[in-house]
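One-based numbering, in listed order, for ligands and for the atoms of each. Quick note: numbers below take in every heavy atom, side chains included, and nothing from hydrogens, waters or symmetry partners. This one's a predicted model, so the numbers in the text were calculated from it and none came from an experiment.
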Amino acid sequence: MSAQSVDRAMPARISRLTELAYNLWWSWQPDASWLFQHLDKTLWELTHHNPVKFLQQISPAKLEAAASDPAFLRHYDGIMMAFDKCLSAKDAWFIEKHPELAGNAIAYFSAEFGLHVSLPIYSGGLGILAGDHCKEASDLGLPLVGVGFVYPQGYFQQRITAEGRQEASYDRFDYDAAPMEPVITRDSEGGLLALHLNGRVIYVEVWRVRLGSVSIYLMATDVEENEPWDRELSARLYGGDQETRIRQEIILGIGGVRMLERLGIRPAVFHANEGHASFLMLERIRGLVQNGMSFNEAADFVRSTTVFTTHTPVPAGHDAFSFQLVEQHFHSYWESLGLDREQFLALGSYPDGQGGANFNMTALSLRLSGRRNGVSQLHGRVSRAMWHSMWPELTEDEVPINSVTNGVHTPTWVAPEMNRLFSKYLGHDWLNHHDDPTLWERVHDIPDAELWNTHQQLKHRMLNFMRERVRRDWINEAAGPVRVLTGGTLLNPDALTIGFARRFATYKRALLMFRNIERLKKIFHDEWRPVQVIFAGKAHPADAPGRSLISEIYGLAREHGFGGRIAFVENYDIHVAKYLVRGVDVWLNNPRLPMEASGTSGQKAALNGAPHMSILDGWWYEGYKGTNGWAIEAGVPEDASDDDRDSADAEALYRTLEEEVVPLYFDRDSDGIPRRWTHLVKEAIRTAAPIFSARRMVKEYTQRMYVPAMLDAAKK
Ligand SMILES: *Cc1c(COP(=O)(O)O)cnc(C)c1O
């Protein structure tokens, strides 16, 4: 296997580099990537920061040299010591707090995980959140395992044609170069995992990704033993029709539970990240019923030990299948739960919005999980209203859906330059207690000039990154002049730079700022106070309205009249996101209220000193404090039409820009420092960094959900 081919050339003194390469823990250590960079900087770039590929290609002579280089070895030993500390989870928060619960595993199921560019198994916010959750679980010493899918073709790579058409291409996933190891293969004892479903067998291969002390187990059906259509089953993330979708979800939920059994992992608590994985609840009930419990007893037990997180108030965002489709796949299953057809279908039954009903995965999850949450305070409230009909005997406020507000994994998202600044002024061990709000009071000790200069540096890095990307494509004749222009070559490092990057879904209203083109041009072209905007994001290939948003923005970016003040960065992914959230001056979010369940990119930006300008939706509803960014507030009545609301919100956006953001940014003192701006930046960091961190979030899940569920599990 690949790990061995890497090992062959590895000198004994630094042999653990291989282990490090296969553990994504390295990716969120400020100093670990230095090891690889130091070995061969060019190759590190060429292999896109994928240490597995890197070690496969590096010249043995360079490894030999490093093995006798004292500076390298000192660094290596330091990293390995920290690595071992993480692996042992000794002194970790969870172990210190709940030593008696250390043996209780939490299984975290998710259809996608956003972990690193080398693993294209995520599409957007949901996946990034799952990745951040698991990384933080490792940092806190939580006994958590992830369950998901390898998609052999991953999510698509985006290119935009000169006419603005989004083209999707799928790279074949290179298993040998990915930071994961096979766990169940045809050569394993017992062979591939055989899932007997509906009278047929589907074979599953299992891979393991390591994140510090946490492992994520990924299932793959692309094996010779399967029929072609089963091999294709996990080919693409969110590809295919309803039929593919339900079969994927059966593998994820039911297959996931059986996979854990095969691996000998017996979780005390199960967490379904969104409804995609919720068949896991049925499979757990089936196991208990087969062991002699009644359906009701089993369902009660499963409820008490299951956490369910819902992620969207957009109705189409909730998976629902026709009863016919469900029946087709479950007709030989419900009996093993001790249910008949009607009782089984009732578990997922929910109005389809057109007078009928279908099998709704969120309704199923809400019925079979005992701890349920939305992902921000406002989203919790919206969810209680949205699902109120399932608890008609309760008032809306009593609907048992809580909220745990999303946060971002600080070590992953903080820029190395900001990390250095925080180390200097907050204390060298700031990362160890970065969810402590009092620590962040000291952000005001950072001299304005130092903060401003650090930000300028990050902004230059981002602009260079964008230019280099299109320049390389230009050289390779992979980009025409239009893309060189729209890729950001005319951007001005002195202009106030707004970032808008996320999936192109219509509710996010990417075109809002273009409602009054003349007014926007005036803002952009002010000679002394220029403004520019950078867009990035993918539209799901099946989402025609989303794709047409991209075309329109592309068309505007190409327009002479906008003078190169609009850029579009192709192929938005974790790598691009890191540059954007660290490099722009302001992060903009203007969804249609209240459709943004949380949003997390604004949290990443605020951590790095780019304040948020947003509709008071998602996390910003609770994050906005008046002095740490801007609220786009139009004060339209709740029953206003979408069009009226868009007009009013656009008006509020222009007003906020013209009257507040632009004047503040360009108000410089004699040293060229915008004092009042830097003050606001510090407030943005101080208020967002501790609270909207994955650390605060995972601690909350632990204390409010996981620990009580573990105690419930032990009672039975
Ligand atoms: C953070 C992130 C997202 C999520 O963006 P939202 O603000 O939640 O819309 C999506 N894609 C990538 C690559 C990200 O890093």
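- Ion pairing of R592 with D646 is present here, as a side-chain N (NZ or NE/NH1/NH2) and a carboxylate O approach within less than 4.0 Å.
- Applying the 4.0 Å criterion to heavy atoms of D573 picks out, from ligand 1, the atoms 13 (C).
- Residue W413 has at least one heavy-atom neighbour below 4.0 Å for each of these atoms of ligand 1: 15 (O).
- Ion pairing between K508 and E596 holds under the 4.0 Å rule for side-chain N and carboxylate O.
- Contact between G629 and P611 at its shortest, heavy atoms only, is CA-CB, 4.3 Å.
- Contacts of R503 with ligand 1, taken as heavy-atom pairs under 4.0 Å, are absent altogether.
- Residue-to-ligand polar distances place S601 within reach of ligand 1: an N/O pair is separated by less than 3.5 Å.
- The proximity of I128 to ligand 1, defined as any non-hydrogen pair under 4.0 Å, is limited to the side chain.
- Using 4.0 Å as the threshold, W619 has no heavy atom nearer than that to any atom of ligand 1.
- Under a 4.0 Å N-O distance rule, the pair R159/D473 qualifies as a salt bridge.
- At a threshold of 4.5 Å between non-hydrogen side-chain atoms, the residues L616 and Y624 count as touching.
- Within the structure, the closest approach of Q603 to ligand 1 does not fall below 4.0 Å when heavy atoms are considered.
- By the neighbour-count criterion of 12 heavy atoms within 6.0 Å, atom CZ of R461 is sparsely surrounded, having that number or fewer from other residues, nucleotides or ligands.
- At under 3.5 Å, not a single nitrogen or oxygen of S123, backbone or side chain, sits near a nitrogen or oxygen of ligand 1.
- Taking the charged nitrogens against the carboxylate oxygens, R509 and D642 have no contact shorter than 4.0 Å, which rules out a salt bridge.
- Short contacts between ligand 1 and R502, defined as distances under 4.0 Å to a heavy atom of the residue, involve ligand atoms 9 (O).
- An N or O contact shorter than 3.5 Å is missing between E596 and ligand 1 by distance.
- Distance check, rounded to the nearest 0.5 Å: CZ of R565 to CG of L491 gives 9.0 Å.
- Inspection of the N50 and S118 side chains reveals no N or O donor paired with an N or O acceptor under 3.5 Å.
- Closest of all the heavy-atom pairs between V581 and A610 is O-CB, 4.4 Å.
- The protein heavy-atom contact nearest to atom 8 (O) of ligand 1 is T600 N, 3.1 Å.
- Shortest contact from atom 11 (N) of ligand 1 to any protein heavy atom: Y572 CE2, 3.5 Å.
- In summary, the atoms of ligand 1 found under 4.0 Å from a heavy atom of K604, numbered by their order in the structure, are 1 (C), 2 (C), 3 (C), 14 (C), 15 (O).
- Close approach to G125 involves these atoms of ligand 1, each under 4.0 Å from a residue heavy atom: 3 (C), 4 (C), 10 (C).
- Close approach of ligand 1 to K508 (heavy-atom distance below 4.0 Å) involves ligand atoms 9 (O).
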